Amino acid sequence: RLGAARRTGWGPQGAFHPSMPLQIRRISSTTIREAIALGRLAELEHVLLKTHGDKLNWSTEDKAQFCTMAVDVLEAQQEHMKLEVRVRSFCHSAQVVADHLGVNERFNAKKTILLIGDVGVVPQPWAGMIQPALFLHRRGFNVVCVEVPELSTSTPRWLKVGPAILCETLKFLNIQAVQALACGNGGAVFLEALGQSRRTFGRTHFVYNIDCPGGTKKAPFPVFSLEEHARKGDLQMWFAFNDEEDVYNRHEEGTPRRSFDAITGMQARLEGERRRGRRSLDFDEVLITDALNNPRTQHVTRIPVGRNTLFAFSEDCLASMARFMDHSPFQGQEDLEKKGGLIADVQVFGQLKPGERYAELPAMEMLRFKPEEIQLVLLDCGAPRIYRRRAPKREKLKALEGGGGSKGGKPKALEAGDGPKGSRRSSSVPMLTSSKEAPRTGSHSPSSRKGSLASSLSLARTGPSERYLREKRELFGDPDED
């Protein structure tokens, strides 16, 4: 019986059941900086700071930010079984306010990224995607990575019990709508967890070189559940690939090819439904970058560190990840291919770069004119009713007529050669006919609207027309009687 328990579980006490609830409690907490002060820094962290920081394009500020990584040790218990869970995190709340918050209250102020490395293959899976995780943390995200040391050597066990442990740990930390950043077999664990608990995960997720455990003819992904979640219109997944000989090759028979076939099949089915008119979306649910590294650009570099593997991404690729995580789903596969496999920059209204401006609408352009010019335009279009509603005050009328408001005299009209401020017209500007010579019609014809602005400028330079003076006397009386 003891041998059977060891084969079904990971210890002599029995097997772990993912369907049963877990009780999690906190054991201890520390940071990388505290470990350095006590002389207990692990070898991998020491190598990242001293040797491979330059390869990851880390500056002094990045290394100082890495030292703020917190390491919490939790204990997950199910009946008589106990399991150690380590949570590595970058959190903004502990650095901004006084750290009086509990471990389950620190991740509510910012969006949270769930880091899932190549679990079951490397001893320290969190190190693989540490460079993009730290970059996203500088962009305002919180980052969380969940590790189970007893599962570090078995990918099938991770795929079986890892999703339940992830969801229960995130529930203990009070984190909802987390966004995944995964690579390798961590992508398979993420898809399994997403299929089991949709509300735990957010809208946008990134997976690099997804892989799965061997021993099956097809990739063990919950494709049916994933497609059902994607049909709701609030989920988008970006899968990026980069083939390397003897490392990750989709063109040969193996787990990389089976994983890629499962993702492309899901993308084709969802796209076919939209083309047949079953659903209508402004984005594609599944995005695929076929080759991050191509003859034109190199966006990712693999860095072996002992038994672990680090991935260093280019600045453009990191910026694309940040844009993808920060916005709601908006990208399409065609837009991704036009940008060379990266996420295009989206321009949000009100956030323009220096020197840029949007095309101005005609209604907004009218707001830039003075009130008296707008009244002349309306009057020239033949709309006295609108003119009566927005009739300017007598002081504005006198200013429009050229300041001819003296007692006992009629308003003085401007001469044809004078501008609004008395400046002479330039010879390069064509002469405009006055409203007195223009034909009058009672209807709002397109030709009258087209020349309304030009007529208003003509009226401002040549003085008021007889119709304007007649309408003014009917509305306000004769100014000589005052």
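Quick note: numbers below take in every heavy atom, side chains included, and nothing from hydrogens, waters or symmetry partners. A quick note: this is a predicted structure, and the numbers were derived from the prediction, not measured. Nothing fancy with the numbering, it's 1 onward along the sequence.
For Arg276, the side chain to side chain contact (heavy atoms under 4.5 Å, CB included) partners are Glu273, Arg278, not counting sequence neighbours. Applying the ring-ring contact (aromatic ring centres under 6.0 Å, His included) criterion to Phe135, with sequence neighbours excluded, gives no partner residue. Here Gln77 pairs with Lys82 under the side chain to side chain contact (heavy atoms under 4.5 Å, CB included) rule; sequence neighbours left out. Evaluation of the side chain to side chain donor-acceptor pair (under 3.5 Å) rule for Glu61 yields Ser59 as partners, not counting sequence neighbours. Under the side chain to side chain donor-acceptor pair (under 3.5 Å) criterion, Glu285 pairs with Arg274, Arg279, not counting sequence neighbours. Asn294 is linked by a side chain to side chain donor-acceptor pair (under 3.5 Å) to Thr297, counting only residues two or more places apart in sequence or in another chain. In this view, Ile27 and Arg25, Val73, Glu75 satisfy the side chain to side chain contact (heavy atoms under 4.5 Å, CB included) rule, not counting sequence neighbours. By the side chain to side chain contact (heavy atoms under 4.5 Å, CB included) test, Thr112 pairs with Phe107, Asn142, Val144, Ile175, Val178, sequence neighbours left out.
Looking at every heavy atom in both residues, Leu159 comes nearest to Pro220 through CD2-CG, 3.6 Å. The two residues Pro329 and Arg203 come nearest to each other via the heavy atoms CD-CD, 3.8 Å. Minimum heavy-atom separation, Ala164 to Gln196: N-OE1, 4.2 Å. Residues Gly332 and Leu287 come closest through the heavy atom pair C-CD2, 3.7 Å.
No more than 12 heavy atoms of other residues, nucleotides or ligands sit less than 6.0 Å from atom CD of Gln176. Counted within 6.0 Å of CZ on Arg231, heavy atoms from surrounding residues, nucleotides or ligands total more than 12; the atom is thus considered enclosed. Counting non-hydrogen atoms of other residues, nucleotides and ligands closer than 6.0 Å to CZ of Arg86 gives a total of 12 or fewer. Residue Glu253 places its CD atom among more than 12 non-hydrogen atoms of other residues, nucleotides or ligands, all under 6.0 Å distant.
Electrostatic pairing of Lys339 and Glu337 does not count as a salt bridge here, judged by no charged N lying under 4.0 Å from a carboxylate O.
Evaluation of the salt bridge (Lys or Arg N to Asp or Glu O under 4.0 Å) test over residues 288-305, restricted to residues two or more places apart or in two chains, returns Glu244-Arg302, Arg250-Asp290. Applying the salt bridge (Lys or Arg N to Asp or Glu O under 4.0 Å) test to residues at least two apart or on different chains, the pairs with a partner in residues 122-148 are Asp62-Arg138, Arg88-Glu147. The list of side chain to side chain donor-acceptor pair (under 3.5 Å) pairs with a residue in residues 256-265, not counting sequence neighbours, is empty. Among pairs with a residue in residues 110-129, those fulfilling salt bridge (Lys or Arg N to Asp or Glu O under 4.0 Å) read Lys111-Asp326, at least two apart in sequence or across chains.
Ring pair Phe201/Phe190 is perpendicular by interplanar angle, where above 60° counts as perpendicular and below 30° as parallel.
Proximity of a side-chain donor or acceptor of Asn293 to a complementary backbone N or O of Val300 within less than 3.5 Å is detected. In this structure, the side chain of Asn249 engages the main chain of His251 through a donor-acceptor pair within 3.5 Å. Formation of a donor-acceptor pair under 3.5 Å by the Asp211 side chain with backbone atoms of Asn185 is not found in this model. Checked by atom type and distance alone, the side chain of Asn242 never pairs as donor or acceptor with a backbone atom of Leu292 at under 3.5 Å. Ser152 places a side-chain N or O within 3.5 Å of a backbone atom of Pro149 that can act as its donor or acceptor partner. A donor-acceptor pair is defined here as one N or O able to donate and one able to accept, closer than 3.5 Å; such a pair exists between the side chain of His92 and the backbone of Phe141.
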(request) Walk me through it: do His299 and Phe313 pass the test ring pair (Phe, Tyr, Trp, His ring centres under 6.0 Å)? (result) CA-CA 5 Å; His299 290 299; Phe313 295 86; 9.4 Å; no
(request) Mind running side-chain contact (heavy atoms from CB on, under 4.5 Å) on Leu226 and Leu194 for me, showing each step along the way? (result) CA-CA 7 Å; Leu226 295 175; Leu194 179 62; 3.6 Å; yes
(message) Apply side-chain contact (heavy atoms from CB on, under 4.5 Å) to residues Phe311 and Thr309 and explain how you reach the verdict.
(response) CA-CA 7 Å; Phe311 296 102; Thr309 303; 4.0 Å; yes
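Glu271 and Gln267 share no side-chain donor-acceptor pair at under 3.5 Å. Side-chain contact, Thr204 with Gln236: no donor N or O sits under 3.5 Å from an acceptor N or O.
The distance between the ring centers of Phe241 and Tyr208 does not fall below 6.0 angstrom.
Paired with Val146 under the rule side-chain contact (heavy atoms from CB on, under 4.5 Å), one option of Val189, Leu166, Val119 passes, and it is Leu166.
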